[in-house]
Amino acid sequence: MDQRLPKEFYTRDVLEVAPALLGKKIIRKGASGHISVHVISETEAYRGTEDKACHASKGKTPRTKIMFETGGILYMYLIYGMYWMMNIVTGSREEPQAVLIRGLMDVSGPGRLTRSLALDGSFNGEDLQFSERIWITGDGDRVEYSTTPRVGIDYAGAHWKMKPWRYVIK
DNA sequence: GTAACGATCCTC
DNA sequence: AGGATCGTTACA
């Protein structure tokens with residue numbers, strides 16, 4: 001099986017990591033030992049306390065503190081009372097950043113993909129270097145992608161809403 | 001305590 | 001266009 005992406009892959013700036021994750025494979029190992037592989041097709045970057053669309057813009061809270069850790073771990077949170085969002089923390093410690101996984105080749109939609117992979121709050125803080133149930137490999141199919149503004153952040157104001165920080169495989 | 005609201009999705 | 005559904009957050 002392919003090698004896991006190294007820690008250094010995730011500790012770079014989120015604006016580098018988010019597009020670099022396109023085409024990479026999420027490996028999910030279920031409780032029964034069943035393994036499934038999913039190619040990432042769509043990501044979004046959330047960057048720092050100054051980014052009004054980023055949860056960390058409200059400062060460090062019980063929910064967002066995981067984003068202040070060193071990159072390479074998962075940040076899971078519940079939205080609209082029923083959908084878990086899967087995010088990958090990036091950057092260095094005390095530099096809150098995360099990549100929202102918005103779509104896979106076989107599933108589109110951040111809520112649908114976590115339901116499909118059976119991911120929930122118990123994965124918050126999961127370390128992609130050492131986890132036995134989820135990790136990401138980096139065999140290097142280079143992919144072409146396009147960028148668009150991020151989705152669902154009307155509240156963040158025009159300046160942050162227009163940033164082309166959503167990355168989609170062509 | 002209390003209230004408002006969301007990095008969504010499905011059904012009408 | 002509207003409802004589901006509840007943790008997180010801000011404020012009193």
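We name chains A, B, ... by the order of the sequence lines, and we start the count at 1 in each one.
For the pair A:E94 and A:K60, the salt-bridge criterion is met [side-chain N within less than 4.0 Å of a carboxylate O].
For A:Y75, no side-chain nitrogen or oxygen approaches OP1 or OP2 of B:dA7 to under 4.0 Å. Here A:T61 does not reach the OP1 or OP2 of C:dT8: none of its side-chain N or O atoms lies under 4.0 Å away. For B:dC9, the OP1/OP2 oxygens have no side-chain nitrogen or oxygen of A:R115 closer than 4.0 Å. Side-chain nitrogen and oxygen atoms of A:H55 include at least one within less than 4.0 Å of the OP1 or OP2 phosphate oxygen of B:dA7. Distances shown here put a side-chain N or O of A:R63 below 4.0 Å from the OP1 or OP2 atom of C:dT9. For B:dA7, neither phosphate oxygen OP1 nor OP2 lies less than 4.0 angstrom from any side-chain nitrogen or oxygen of A:R166.
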**Report entry** Test side-chain hydrogen bond (donor to acceptor under 3.5 Å, both in side chains) applied to A:E8 and A:T11, step by step
**Finding:** CA-CA 5 Å; A:E8 303 78 57; A:T11 54; over 6 Å; no
Report task. Using the ring pair (Phe, Tyr, Trp, His ring centres under 6.0 Å) rule, take A:H55 and A:Y77 through it: C-alpha gap first, then chi angles, then the decisive distance, then the call. Result -> CA-CA 10 Å; A:H55 290 167; A:Y77 69 90; 4.6 Å; yes
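Note that A:R63 lies outside the cation-pi zone of A:Y75, set by a 6.0 Å cut-off to the ring centre and a 45° limit from the axis. Both the sub-6.0 Å distance and the 45° axial angle are not jointly satisfied by A:R12 relative to the ring of A:Y10. A:R133 forms a cation-pi arrangement with A:F123, by the criterion of a distance under 6.0 Å to the ring centre and an angle within 45° of the ring axis.
Within 4.0 Å (heavy atoms only), A:M82 reaches at least one base atom of the nucleic acid. Within the 4.0 angstrom heavy-atom criterion, base atoms lie near A:G81. When heavy atoms are screened at a 4.0 angstrom cut-off, A:L100 is found touching base atoms of the nucleic acid.
In this structure, A:M85 atom CE and C:dT5 atom C1' are separated by 14 Å, rounded to whole Å. Here C:dG2 presents its P atom at 16 Å from OH of A:Y80, a figure rounded to the nearest Å. When rounded to the nearest whole Å, the span between OH of A:Y155 and P of C:dA10 equals 13 Å. Rounding to whole angstrom units, CH2 of residue A:W84 and P of C:dG7 are separated by 8 Å. Between the C1' atom of B:dG6 and the NZ atom of A:K52 lies a distance of 17 Å, rounded to the nearest Å. In this structure, the CE atom of A:M76 is 14 Å from the C1' atom of C:dG7, given to the nearest Å. Across the protein-nucleic acid pair, A:M86 atom CE and B:dT8 atom C1' stand 17 Å apart, rounded to whole Å. When the P atom of B:dG6 is taken as reference, atom NZ of A:K161 falls 13 Å away, rounded to whole Å.
Across all strands shown, C:dA4 forms a Watson-Crick or G-U wobble pair with B:dT8, both key distances being under 3.5 Å.
The aromatic ring of A:Y83 does not sit over the base of B:dT8; the criterion of centres under 5.5 Å apart with planes under 30° is not met. By the criterion of a centre-to-centre distance under 5.5 Å and near-parallel planes under 30°, the ring of A:Y46 forms a stack with the base of B:dA7.
The A:I153 side chain lies nearest to B:dA7 when the options are B:dT8, B:dA7, C:dA10. Comparing atom distances between the A:L78 side chain and each of B:dC9, B:dA7, C:dG7 picks out C:dG7 as nearest.
For the C1' atoms, the distance from B:dC5 to C:dG2 is 16 Å, rounded to whole Å.
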